[in-house]
There are 2 protein chains.
Amino acid sequence: MHDHSVHVQCGECPIRHRAVCARCETDELSRLEQIKYYRSFQAGQTVIWSGDRMEFVGSVVSGIATLTQTMEDGRRQMVGLLLPSDFVGRPGRSTAAFDVTATTDLVMCCFRKKPFEEMMVATPHIAQRLLEMTLDELDAAREWMLLLGRKTAREKIASLISIIARRDAALHVRKKAGVLSVDLPLTREEMADYLGLTLETVSRQISALKKDGVISLEGNRHVSIPNLDRLLEEAGDDSDGGMLV
Amino acid sequence: MHDHSVHVQCGECPIRHRAVCARCETDELSRLEQIKYYRSFQAGQTVIWSGDRMEFVGSVVSGIATLTQTMEDGRRQMVGLLLPSDFVGRPGRSTAAFDVTATTDLVMCCFRKKPFEEMMVATPHIAQRLLEMTLDELDAAREWMLLLGRKTAREKIASLISIIARRDAALHVRKKAGVLSVDLPLTREEMADYLGLTLETVSRQISALKKDGVISLEGNRHVSIPNLDRLLEEAGDDSDGGMLV
DNA sequence: GTCGTCCCTTGATCTGAGTCAAGGATCACC
DNA sequence: GGTGATCCTTGACTCAGATCAAGGGACGAC
């Protein structure tokens, strides 16, 4: 077991880090559990159905999964975006109305359910990690709520791009000649579900930001950010870019 | 220490329960901390400023507090509603951009900051409780996100009323002659901040629901629900009333 | 090649909720 | 009782984003 700073590449395994390498946490946990297995999913495949009883705690190793809620008439809202090293699951509990779906091809590392009590006692440092990560996610959810409730479409798009840039800092973002590049791992429709918009509005606002020189596109999925401060200003965030450097 | 089912009145203390009585948790925790103190706040008073370093973990004993985010230009979004027995705080961390404000007169029970590690080891059952409560809050935040992103104004109002009815099941809700009564602990403006609407729209939609016989008002703050299923249908929730009986 | 599919863009029009404005109800306090 | 403050309601108008509709580009299968 070792410590790292947040979002740094681990020397021992290929995946991105939180404060502690997810793979290492995984190993630790699975030693406790005696069982560990990897699961692969194809893009579009459902990982957990709403109403399912959670059978495992899992950590994303590679790929992207989304957590969505759907209303009876088909309106959908994304409520979670799972990138490598994120955890999901709450063993022994059904997860209300949330669907977890693979957006890209996905590999998850799973351990069988086990009540939290045992974990608390046996591996308190992992339990603590889990608590901190849950609190982080809660903070993120609260920023997301501000976005959904009060931001304009343009601000939403700018926010999404800066959120992805920030989260993927170590992985997908390149900095060439002072220009940040980000891969958007989502279709326009998925972005719309993330932001509480329609896909048409997403497309229009991306075009508008492009026309105004805030971003530039290379292909549909690749965004360059010539001026990060400008983007953050468009996003309506008062905070600065944080760890983006 | 003793266990109770969720939202049941405790025989030993005056406040509402989660799975474990908040007062008892408080006592347990403060024994560990060696320090416990109560703080009173007047309605409208700020409990924690955004950017503050959290100095304590606290549990609401009586009254209501709200957690809000504010943008530079004054747009506000409520992101948390703290009723008796709810916890707040993340010792040693600044809480990003969230303001905690007393909405009614408020009593909180606080313990000084202490890193989580010590708690994990010393009182794992409390640590577990904290994790479960955080996960519950995350689930609630995700439902809230669906509300903010995809529901109409009318659905938002109906949802809010049913959420309050559900949360306050043991406390404020009376059932007379088959009719549920709920006290709305929020002004129209606070409801608007909760729902991502303006106060005018809140007022209009409440009037509309009243005209359509979904609810009836006695004074501004008191709502009667003649037919809960009807209200839930208006809210767009597919799930039933849950623990509301 | 061309056919089909998926994803994206753009235009025209509509509408739900925001904005602006006026006034009513309730309550505390003098 | 009157006065002010706070909270709530309602109306008229506006506008951001949804809806409806058409078409374009990329890519794989045959």
Side-chain angles (χ1 to χ4, degrees), chain A residues 42-44 66 71 73-77 101 103-105 147-161 183-212 215-223 234 236, chain B residues 42-44 66 71 73-77 101 103-105 147-161 183-212 215-223 234 236:
Chain A
Q42 293 176 351
T66 60
M71 293 174 69
D73 59 7
R75 279 177 280 174
R76 283 157 40 90
Q77 176 64 53
T101 310
T103 287
T104 62
D105 288 345
L147 179 149
L148 289 171
R150 296 299 187 194
K151 289 191 176 177
T152 64
R154 177 182 256 247
E155 289 169 339
K156 285 179 177 182
I157 297 290
S159 297
L160 175 59
I161 294 172
D183 277 319
L184 296 178
L186 305 171
T187 66
R188 298 289 183 265
E189 186 173 17
E190 286 161 343
M191 291 186 222
D193 284 341
Y194 187 109
L195 299 171
L197 297 170
T198 59
L199 69 95
E200 291 95 331
T201 301
V202 170
S203 181
R204 268 187 253 274
Q205 295 300 331
I206 288 179
S207 299
L209 286 175
K210 184 181 163 191
K211 203 183 62 175
D212 296 347
I215 58 173
S216 61
L217 295 182
E218 298 146 25
N220 282 330
R221 299 293 191 87
H222 204 80
V223 177
E234 291 282 354
Chain B
Q42 294 177 350
T66 60
M71 292 174 68
D73 59 7
R75 279 177 281 173
R76 285 159 38 89
Q77 175 65 50
T101 312
T103 288
T104 63
D105 288 345
L147 179 149
L148 289 171
R150 295 300 187 192
K151 289 190 176 179
T152 64
R154 176 182 257 245
E155 289 168 338
K156 285 180 177 181
I157 297 290
S159 296
L160 175 59
I161 294 172
D183 278 319
L184 296 177
L186 305 172
T187 66
R188 298 288 183 266
E189 187 174 15
E190 286 162 342
M191 291 185 223
D193 284 341
Y194 187 109
L195 299 170
L197 296 171
T198 59
L199 68 95
E200 293 95 330
T201 301
V202 169
S203 182
R204 269 187 253 276
Q205 294 300 332
I206 288 179
S207 298
L209 287 175
K210 184 180 163 191
K211 203 183 63 174
D212 296 346
I215 58 172
S216 60
L217 295 181
E218 298 145 27
N220 282 331
R221 299 295 191 87
H222 203 79
V223 177
E234 292 283 353

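No hydrogens, no waters, no symmetry mates; every other heavy atom, side chains included, goes into these values.
For the pair E190(B) CD and dT6(D) C1', the interatomic distance rounds to 12 Å; values are reported in whole Å. Rounded to an integer number of Å, the gap from CG of L184(A) to P of dC7(C) is 15 Å. Rounded to an integer number of Å, the gap from CD1 of I206(B) to C1' of dC8(D) is 10 Å. Following rounding to the nearest Å, R75(A) (CZ) and dA18(D) (P) show an atom-to-atom distance of 13 Å. In this structure, R150(A) places its CZ atom 11 Å from C1' of dA17(C), rounding to the nearest Å. In this entry the distance linking CG of N220(B) with P of dC7(D) reads 11 Å, nearest Å. If you take CG of L186(A) and C1' of dC8(C), they are 15 Å apart, rounded to a whole angstrom. What separates CD of E155(B) from C1' of dA17(C) is a distance of 14 Å, to the nearest Å.
Direction change of the helix axis from one end of the helix from dG1(C)-dC30(D) to dC30(C)-dG1(D) to the other is 30°, with five pairs defining each end axis (rounded to 10°).
For the atom pair CD of E234(B) and OG1 of T152(B), the computed distance is 8.5 Å after rounding to the nearest 0.5 Å. Rounding to the nearest 0.5 angstrom, the gap separating the CZ atom in R76(B) from the CD atom in E189(B) is 6.5 Å. Considering CG of L209(B) and CD1 of I157(B), their distance stands at 7.0 Å, rounded to 0.5 Å.
Residue G196(A) is in sugar-phosphate contact alone, with no base atom involved, counting any heavy-atom pair closer than 4.0 Å across all strands shown. If you check every strand for non-hydrogen atoms under 4.0 Å, R221(A) touches sugar and phosphate atoms only. Across all strands shown, S203(A) has heavy atoms under 4.0 Å from base atoms, whether or not it also approaches the sugar-phosphate. When heavy atoms are screened at a 4.0 angstrom cut-off, L199(B) is found touching base atoms of the nucleic acid. Looking at heavy-atom distances under 4.0 Å, T198(A) makes contact with a base.
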Please report the C-alpha distance between T201(B) and K156(B) in whole Å, then the side-chain angles of each, then the deciding distance to 0.1 Å, and finally whether the side-chain contact (heavy atoms from CB on, under 4.5 Å) criterion is met.
CA-CA 11 Å; T201(B) 301; K156(B) 285 180 177 181; over 6 Å; no

Could you check E190(B) against T66(B) for side-chain contact (heavy atoms from CB on, under 4.5 Å), going step by step and ending with a plain yes or no?
CA-CA 9 Å; E190(B) 286 162 342; T66(B) 60; 5.6 Å; no

Can you check side-chain contact (heavy atoms from CB on, under 4.5 Å) on M71(A) and K151(B), steps first, answer last?
CA-CA 9 Å; M71(A) 293 174 69; K151(B) 289 190 176 179; 4.2 Å; yes

Before you tell me yes or no, could you show the steps for Q77(A) and L148(A) under side-chain contact (heavy atoms from CB on, under 4.5 Å), namely the whole-Å CA-CA distance, both residues' side-chain angles and the distance that decides it to 0.1 Å?
CA-CA 10 Å; Q77(A) 176 64 53; L148(A) 289 171; 3.8 Å; yes

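Between dT9(D) and R188(B), a contact under 4.0 Å exists linking OP1 or OP2 to a side-chain N or O. The shortest distance between the side-chain N/O atoms of T187(A) and the OP1/OP2 oxygens of dC6(C) is not below 4.0 Å.
The listed nucleotides are dT10(C), dC8(C), dG18(C); the one nearest the side chain of S207(A) is dT10(C).
If E200(A) and R154(A) are placed on DNA chain D by their nearest nucleotide, the residue sitting closer to the 5' end is R154(A).
Side-chain contact check for I215(B) versus I206(B): some heavy-atom pair is nearer than 4.5 Å.
A donor N or O paired with an acceptor N or O is found under 3.5 Å between the base of dG11(C) and the side-chain atoms of R204(A).
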